[in-house]
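Everything below concerns the one structure shown next.
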Number of protein chains: 4
Amino acid sequence: MAPTTQQPAAPDQTAPPRGKGRPRSAAADRAILDATREALAELGWGGLTMGHVATRAGVAKTTLYRRWPSKNELVVDAVASLFDELEMADLGSLRADIEAVVGQFAGLLARPETQAALLALFAEGTRDPLLRRRIRERIVDPQKHLVRLGRAQAQQRGELRPDRDAATACEEIDIIFDTIAGTVEHRMLVSGEPVTPEWIHRFTTLLLSPLPGLAEQ
Amino acid sequence: MAPTTQQPAAPDQTAPPRGKGRPRSAAADRAILDATREALAELGWGGLTMGHVATRAGVAKTTLYRRWPSKNELVVDAVASLFDELEMADLGSLRADIEAVVGQFAGLLARPETQAALLALFAEGTRDPLLRRRIRERIVDPQKHLVRLGRAQAQQRGELRPDRDAATACEEIDIIFDTIAGTVEHRMLVSGEPVTPEWIHRFTTLLLSPLPGLAEQ
Amino acid sequence: MAPTTQQPAAPDQTAPPRGKGRPRSAAADRAILDATREALAELGWGGLTMGHVATRAGVAKTTLYRRWPSKNELVVDAVASLFDELEMADLGSLRADIEAVVGQFAGLLARPETQAALLALFAEGTRDPLLRRRIRERIVDPQKHLVRLGRAQAQQRGELRPDRDAATACEEIDIIFDTIAGTVEHRMLVSGEPVTPEWIHRFTTLLLSPLPGLAEQ
Amino acid sequence: MAPTTQQPAAPDQTAPPRGKGRPRSAAADRAILDATREALAELGWGGLTMGHVATRAGVAKTTLYRRWPSKNELVVDAVASLFDELEMADLGSLRADIEAVVGQFAGLLARPETQAALLALFAEGTRDPLLRRRIRERIVDPQKHLVRLGRAQAQQRGELRPDRDAATACEEIDIIFDTIAGTVEHRMLVSGEPVTPEWIHRFTTLLLSPLPGLAEQ
DNA sequence: ACCTAATCGAGACGGTACGTCTGGTCTTCCG
DNA sequence: CGGAAGACCAGACGTACCGTCTCGATTAGGT
């Protein structure tokens with residue numbers, strides 16, 4: 001998806017913007033984020049240690065803390081880049097587009113590093129408003145953009161009516177997004193059951209049609 | 001809800017069932033679970049400490065570990081009882097029943113102790129199959145039972161067609177449950193926005209009808 | 001010297017005096033102090049690390065900090081026991097007694113662990129009154145006792161006049177003690193030159209007689 | 001005393017002697033040494049930090065390390081100049097001269113920066129021969145010169161016999177010096193008691209006469 | 001008027017030790 | 001024997017300095 005407006009995982013915006021002393025090593029940034037993803041996949045959230053990441057990245061702990069104030073922020077950035085691979089296809093129909101993006105999302109949630117990190121991050125974000133904001137900016141909003149895009153495509157095709165006003169549109173996007181993201185996450189991470197093409201089809205039907213088996217109302 | 005098959009937060013079934021020496025203090029169990037809930041509400045998941053719980057409950061750490069093998073299991077039990085208050089009403093229509101149960105669930109998620117614990121537990125459960133199983137038994141399954149109940153009620157009223165076969169029914173219950181639970185959790189705990197009656201109405205509409213604005217297909 | 005009133009290097013008096021919980025391991029105390037002395041001798045004051053001591057003693061850092069609040073206090077106790085070996089002989093004359101005790105003291109200062117620790121402790125004590133107090137109780141006072149003892153022996157022999165009053169006696173003991181201890185320390189640790197029997201003889205002469213070469217006054 | 005043979009605290013002689021590039025700032029040297037003394041007085045040896053000194057002196061750490069290889073050497077130079085104020089008076093008698101110089105030395109040891117630095121330096125010197133040499137050159141030898149001077153004055157007055165040979169003289173100077181320096185340091189820095197005129201008088205008596213109270217021998 | 005070279009400030013870098021905290025286990029005594 | 005108390009080992013935490021390095025910007029002397 002959108003490599004349009006994307007920095008390569010910018011660490012800490014509070015860094016001095018202009019160069020007085022020695023500039024920060026860009027290689028260190030990359031090594032740290034890679035190490036974080038690897039460690040997440042191997043050891044999971046609980047096994048992830050700042051010291052461990054630093055060692056594996058060949059970097060001093062100080063360097064790590066200079067850029068990310070804590071494990072939470074670090075993992076947000078490390079995981080965020082994974083979400084960049086989500087893309088909105090244009091397959092000619094709303095149903096096909098939805099099924100495609102749900103499939104992509106499910107594929108992402110199947111990766112061990114995502115699985116290890118996502119719910120843990122959400123849990124931490126529950127208590128820390130700054131972290132929630134960061135999660136929103138780096139993870140949630142890019143996803144929500146997909147919904148916006150898919151919706152616009154469907155409107156252009158004539159499958160959906162054009163927006164009446166911006167506020168309603170926004171609310172509709174929100175509700176659709178929470179439904180898609182929440183349901184897939186709950187299915188995979190809480191119920192622990194796989195997301196198969198069949199399941200995707202049935203879920204899309206739920207979104208697009210009345211409840212299956214609903215008697216004529 | 002179902003006080004049918006429910007122990008009053010039984011700690012560890014592996015305990016010696018019969019009294020040889022001094023019997024375990026039931027008061028200790030209650031004090032521990034209360035202390036856990038209080039500490040969760042005050043300090044959140046991260047701030048919850050076994051030592052802290054023990055102190056607050058006026059109990060030795062040993063006693064605590066004798067009953068629950070770790071923080072995770074303890075919190076499952078402490079939080080599970082909160083889910084007992086969920087009940088399936090029979091308000092005469094499927095929509096009304098759904099809206100009622102979603103509202104109850106949202107109310108539960110608004111409590112600080114639930115908020116602090118739920119996602120964290122799910123995150124831990126991602127790695128630990130035994131924990132996931134326990135979560136399922138004590139938290140998820142009781143909720144899923146509500147869906148089953150509501151569905152049966154609607155079938156009796158004639159709003160839904162009767163089940164064709166058990167397998168399909170089960171799958172349909174699963175998908176509905178994941179959608180309701182996942183969406184409400186995502187809305188409240190990840191997006192961090194409130195679940196108002198209006199939102200509930202719109203979400204229920206999404207479940208019961210085609211996408212709003214969907215052009216005639 | 002006086003094993004009369006001596007605890008085997010009691011760590012921290014602030015410990016709860018009698019046993020409610022598990023008692024502190026006496027073996028750990030011994031292992032820690034031994035490890036401290038060994039590490040001092042090998043690595044010196046600067047190379048001595050709490051973590052290193054703990055590891056070498058086969059003890060957790062927590063155990064170490066439970067007993068001694070910091071490196072300073074730990075080393076005081078570790079070194080103090082070395083000073084227990086100082087004894088006041090009774091060799092029949094004041095000169096012989098002085099020479100013997102100076103020789104013993106010099107021998108003590110020649111040991112690497114003493115050398116590494118003593119001045120560093122004194123330096124730290126300069127800033128920390130509690131540490132200075134502890135140094136005084138565990139290291140200085142036992143030494144000063146030797147002076148008191150030697151003086152009493154000389155008075156019994158008739159080499160010295162009996163005390164006129166306690167205050168004057170105390171002052172005289174102080175000045176003699178500071179002179180002996182300070183001079184030997186300065187010779188060995190600052191000037192870095194050896195304390196030979198010849199030097200001891202000359203120093204004792206300085207104490208007992210007018211300056212060598214002093215013209216008749 | 002001797003501003004005779006004194007560089008104004010020359011930092012590091014290993015600097016390239018002749019100017020090709022930009023010359024070193026003399027102001028920086030002064031600022032660094034001043035900052036060092038101030039920080040010593042305020043924070044003590046343990047609180048003294050290279051980074052702190054650099055900041056306080058308005059200088060980069062690099063500049064500091066270009067001149068002094070470590071904290072130890074820096075403090076030697078910073079403190080050494082304080083010892084330049086020691087002077088040998090000629091008050092007409094050996095006793096008066098000794099009492100004067102002991103008083104001066106005690107005054108010096110009463111200053112917080114000296115107190116913080118001296119024993120710490122000696123302690124470090126115990127392990128580092130190069131440092132000990134530097135201490136000797138910049139701090140100890142100038143003091144020892146005072147003893148030599150006072151001795152010569154007394155010989156000229158006829159209070160002391162002339163030297164028989166150089167070696168013996170040197171040894172006698174050494175022992176007197178270690179005694180005076182060591183005793184005063186021990187009294188003030190270890191015992192932590194003040195050096196009053198009365199104490200100086202008694203100490204000088206000890207140096208010049210047999211032990212007080214010594215029965216006729 | 002240019003070079004050349006060492007200096008300056010700032011600050012990031014890899015390390016290491018710090019002292020604290022928590023997790024689980026164990027050992028003791030009391031009821 | 002159960003329970004309270006608390007010591008035990010293990011190890012991660014986030015901070016503070018260490019001494020080195022890499023910058024861009026001065027600031028001289030030598031041509």
Side-chain angles (χ1 to χ4, degrees), chain A residues 15-16 18-25 27-28 46-55 57-67 69-71, chain B residues 15-16 19-25 27-28 46-52 54-55 57-66 68-71, chain C residues 15-16 18-25 27-28 46-52 54-55 57-67 69-71, chain D residues 15-16 18-25 27-28 46-55 58-67 69-71:
Chain A
R18 341 180 293 83
K20 216 40 189 318
R22 172 174 174 175
R24 289 194 179 165
S25 156
L48 187 73
T49 285
M50 293 300 263
H52 185 90
V53 169
T55 305
V59 141
K61 258 202 302 176
T62 8
T63 301
L64 217 165
Y65 278 108
R66 226 190 307 273
R67 291 158 156 84
S70 81
K71 178 167 148 174
Chain B
K20 197 65 180 303
R22 173 172 171 179
R24 286 193 180 165
S25 154
L48 187 73
T49 287
M50 294 301 262
H52 185 87
T55 305
V59 143
K61 265 205 294 179
T62 332
T63 304
L64 216 165
Y65 277 106
R66 226 189 305 272
W68 289 277
S70 81
K71 177 167 151 174
Chain C
R18 346 189 303 77
K20 210 44 185 314
R22 172 173 172 176
R24 291 197 178 161
S25 154
L48 188 73
T49 284
M50 295 299 265
H52 185 90
T55 304
V59 144
K61 262 201 300 176
T62 5
T63 302
L64 216 167
Y65 279 107
R66 222 189 311 272
R67 292 160 156 84
S70 81
K71 179 166 148 174
Chain D
R18 345 180 295 79
K20 197 62 182 305
R22 172 174 174 176
R24 287 192 180 167
S25 154
L48 188 72
T49 287
M50 294 301 263
H52 186 88
V53 168
T55 305
V59 142
K61 265 203 298 177
T62 334
T63 304
L64 216 165
Y65 278 108
R66 227 190 307 272
R67 290 158 156 87
S70 83
K71 176 167 151 176

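In what follows, chains are A, B, ... by sequence order, proteins preceding strands, each numbered from 1. The basis for the numbers below is simple: all heavy atoms, side chains too, and nothing from hydrogens, waters or symmetry mates. If you're wondering where the values come from, they're calculated on a predicted model, not measured in any experiment.
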* Asked: Can a donor-acceptor pair under 3.5 Å be found between the side-chain atoms of C:T62 and the base atoms of F:dA7?
  -> no
* To do: Counting heavy atoms from C-beta on, name the nucleotide in F:dA28, F:dC18, E:dC13 closest to the side chain of A:A28.
  => E:dC13
* Rounding to a whole Å, what distance do you find between C:Y65:OH and E:dA17:P? -> 12 Å
* Structure fact -> D:K61 has its side chain closest, among E:dC13, F:dG19, E:dT7, to F:dG19
* Nearest-Å distance for atom pair CG/P, residues C:L64 and F:dG11 -> 17 Å
* F:dA4 phosphate, OP1 or OP2, under 4.0 Å from B:T63 side-chain N/O -> yes
* Asked: Where the side chain of C:K61 meets the backbone of C:M50, is there a donor-acceptor pair that is under 3.5 Å apart?
  -> no
* Asked: Taking atom P of E:dT7 as reference, at what distance in whole Å does atom CZ of D:R24 sit?
  -> 5 Å
* **Polar side-chain contact A:T49-F:dG11 base: donor and acceptor under 3.5 Å** => no
* Which one, F:dC8, F:dC18, F:dC21, comes nearest to the side chain of A:R22? -> F:dC21
* To do: Quick one: closest heavy-atom pair of A:L64 and A:V53, and the distance?
  => CD1-CG1, 3.8 Å
* Rounded off to whole Å, could you give me the NE2-to-C1' distance for the D:H52 and F:dT15 pair? => 17 Å
* Structure fact -> Closest to the side chain of D:R67, out of E:dC8, E:dG9, E:dG15, is E:dC8
* Interatomic distance, B:S70 atom OG to B:Y65 atom OH [nearest 0.5 angstrom] -> 7.5 Å
* For F:dG2, take OP1 and OP2 only and decide whether either is under 4.0 Å from a side-chain N or O of B:R66. => no
* Answer yes or no: is there a donor N or O on one side and an acceptor on the other, between the side chain of D:S25 and the main chain of D:A28, under 3.5 Å? => yes
* Closest heavy-atom pair and its distance - D:A54, D:A60 -> CB-C, 4.2 Å
* Asked: Roughly how many Å is it from NZ in A:K71 to P in F:dA12, rounded to a whole number?
  -> 11 Å
* Asked: Considering heavy-atom distances to DNA chain E, does C:P23 or A:V59 have its closest nucleotide positioned more toward the 5' end?
  -> A:V59
* **Which residue lies more 5' along DNA chain E, comparing A:G58 with B:L48 via nearest heavy atoms** => A:G58
